[in-house]
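Input: a single structure, listed below in structure tokens.
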Amino acid sequence: MLCTIGSLGAVGWWAASLPGLRRRGLVAWMALGLLCTSATFAVWTSGGGLETRQFTLFVVVAVVCLSVHAASRRGLLVASLSLAAAAYTRPEGLLIAACCFGWFVAQRTVAARRLRVDVRELCWLALPFVALVGAQFLFRYGYYGEWLPNTYYAKHVRPWYESGFNYLWAAAIETGLYLLMPLAVLAVRRGWRERGDLRLVLPLACIVPHMAYVFRIGGDYFEYRPLDFYWPLLAVPAAAGIVQLGSGVSVLLRNWLSALPGLPAPGSSACAVVLFVPVLSCAAALQGQLLLQGAALEGEGVRAAAPPSL
């Protein structure tokens, strides 16, 4: 629960501090609304002691630090330590760290318009991670004779693409990924076209390679547990995409209603709120229905198993 509170706080800070974000107050409320109405996000708030939400917290903190505070050494250090903690928590933390490092080099290269990165900045980001994770790997190999943890070898016997496809397809339908991902891409496109900004690319740069990893290993037994960090990372970009759509709809309505005097056109914030309602409903409707059906069936089973009353 503490990791959930920390994740929500990091998302709120991200929306409040991300440079170039329009109507950040509205984006923050929409992002928190998307998270707080997600049944999957709620499931792992108290996930029986599993490491799911802990991993999510470390990944979200790292992404927020790189998006907002990458210009300071403190931000790079916190991001590096968070990525190291994520790698200590789950094996795919190494993949997330590689995505973050690659994004950092690409973002700095695009900003400088030449293939050059400040070595001191890169050291602040990479060296703490390499030292901590390298020490863990050396200890594991020296003690157990294996480079990766036992859970990896137990679960990934061979590639299982069929199961991975079904797992991701079900997740896309039940959790609204089919809406959140295009909205996030829309926000990325706007940031790139208007400011040459790659900050909102970072969540997608972490999620898409991780999807390929999940596709290869065949998913997971529990309810979308490996995907838990997707929802916080997509919340702010998706909310920014909704705000952008609202601005576009407002302009269209203003042009259409200009020929009709006396009819005021709705503002962009009002249009964004109107669009947010169906997005919220469609993203959570199917999963909410499945949970209600499961609760009803469980209740029927309890009543059927109960002894007859006197």
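Remember, it's a predicted structure, so these values are computed and weren't measured experimentally. Because only heavy atoms are used, hydrogens play no part in the values below, and waters and symmetry mates are left out as well, while side chains stay in.
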Q: Report the C-alpha distance between Leu8 and Phe41 in whole Å, list the side-chain angles of each, state the deciding distance to 0.1 Å, and finish with yes or no for side chain to side chain contact (heavy atoms under 4.5 Å, CB included).
A: CA-CA 11 Å; Leu8 291 173; Phe41 191 78; 4.1 Å; yes

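- Taking CG from Leu183 and CE from Met30, the interatomic distance works out to 10.5 Å, rounded to the nearest 0.5 Å.
- Between the side chain of Ser17 and the backbone N or O of Trp14 there is no donor-acceptor pair closer than 3.5 Å.
- Using cut-offs of 30° and 60° for the angle between ring planes, the Phe165 and Trp169 rings count as parallel.
- Looking only at atom types and distance, the side chain of Thr52 has no donor-acceptor partner in the side chain of Asp228 under 3.5 Å away.
- Ala15 and Val236 make their closest contact through CB-CG2, 4.1 Å (heavy atoms, listed as atom of the first residue, atom of the second, distance).
- Contact check for Phe276 versus Val243: no side-chain heavy atoms found under the 4.5 Å cut-off.
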Give the table of side-chain donor-acceptor pairs shorter than 3.5 Å for residues 81-98, with sequence neighbours excluded, one pair per line with atom names and distance.
from  : atom 1 : to     : atom 2 : distance (Å)
Ser82 : OG     : Val78  : O      : 2.9
Tyr88 : OH     : Leu132 : O      : 2.8
Thr89 : OG1    : Gln54  : NE2    : 3.0
Thr89 : OG1    : Ala85  : O      : 2.7
Arg90 : NE     : Glu92  : OE2    : 2.8
Arg90 : NH1    : Glu51  : OE2    : 2.3
Arg90 : NH2    : Glu92  : OE2    : 2.9

Q.
Between Val59 and Cys206, does the side chain to side chain contact (heavy atoms under 4.5 Å, CB included) criterion hold? Intermediate values first, please.
A. CA-CA 9 Å; Val59 172; Cys206 294; 5.5 Å; no

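- Considering every non-hydrogen atom in both Ser67 and Leu202, the closest pair reads OG-CD2, 3.8 Å.
- Looking at Val60, Leu180, Thr56 one by one, the single match for side chain to side chain contact (heavy atoms under 4.5 Å, CB included) with Leu233 turns out to be Val60.
- The closest side-chain heavy-atom distance from Cys99 to His210 is not below 4.5 Å.
- Under the 4.5 Å side-chain contact rule for hydrophobic residues, Trp29 and Leu35 do not share a cluster.
- If you chain together hydrophobic residues whose side chains sit under 4.5 Å apart, Phe58 and Val68 never meet in one group.
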Q.
Between Trp147 and Tyr141, is the ring pair (Phe, Tyr, Trp, His ring centres under 6.0 Å) condition met? List the steps.
A. CA-CA 5 Å; Trp147 288 111; Tyr141 186 78; 4.3 Å; yes

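- Ring geometry, Phe55 versus Phe229: the interplanar angle exceeds 60°, so the pair is classed perpendicular (tilted spans 30 to 60°).
- Expressed to the nearest 0.5 Å, how far CH2 of Trp124 lies from CG of Leu77 amounts to 6.0 Å.
- Proximity of a side-chain donor or acceptor of Thr175 to a complementary backbone N or O of Ala171 within less than 3.5 Å is detected.
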Q: Could you please spell out the steps behind the side chain to side chain contact (heavy atoms under 4.5 Å, CB included) verdict for Tyr167 and Asp220?
A: CA-CA 8 Å; Tyr167 186 81; Asp220 189 72; 3.7 Å; yes

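- By the rule that hydrophobic residues join a cluster once side-chain heavy atoms approach within less than 4.5 Å of another member, Val201 and Val208 end up as members of one cluster.
- You'll find the side chain of Leu204 reaches within 4.5 Å of the side chain of Met181, heavy atoms only.
- Side-chain atoms of Arg24 come within 3.5 Å of backbone atoms of Ala16 as a donor-acceptor pair (strictly under, hydrogens ignored).
- We find the CZ-CG distance between Phe101 and Leu125 to be 4.5 Å, quoted to the nearest 0.5 Å.
- To the nearest 0.5 angstrom, Leu2 atom CG is 12.0 Å from Arg53 atom CZ.
- Here Tyr144 contributes atom OH and Phe139 contributes atom CZ; the two are 6.0 Å apart, rounded to the nearest 0.5 Å.
- Panel note: side chain Ser80, backbone Leu76; no donor-acceptor pair is recorded below 3.5 Å.
- When all heavy atoms of Glu146 and Arg140 are compared, the pair lying nearest together is O-CG, 3.2 Å.
- Placement of Leu127 and Trp103 in two distinct hydrophobic clusters is found when ILVMFWY residues are connected by side-chain heavy-atom separations under 4.5 Å, directly or transitively.
- One distance of note links OG1 of Thr40 with CG of Leu227; it measures 8.5 Å at 0.5 Å rounding.
- With sequence neighbours excluded, no residue forms a salt bridge (charged side-chain N to carboxylate O under 4.0 Å, His left out) with Arg74.
- If you chain together hydrophobic residues whose side chains sit under 4.5 Å apart, Leu57 and Phe129 never meet in one group.
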(Q) If you apply the rule side chain to side chain contact (heavy atoms under 4.5 Å, CB included), what do you find for Ile217 with Trp160, and how did you get there? (A) CA-CA 6 Å; Ile217 67 173; Trp160 197 4; over 6 Å; no

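- Under the 6.0 Å cut-off for aromatic ring centres, Tyr230 and Tyr224 do not qualify, their centroids lying 6.0 Å or more apart.
- Side-chain contact between Val119 and Cys123 is present, with heavy atoms from C-beta onward closer than 4.5 Å.
- The shortest non-hydrogen separation linking Pro237 to Ala187 is O-CB, 3.4 Å.
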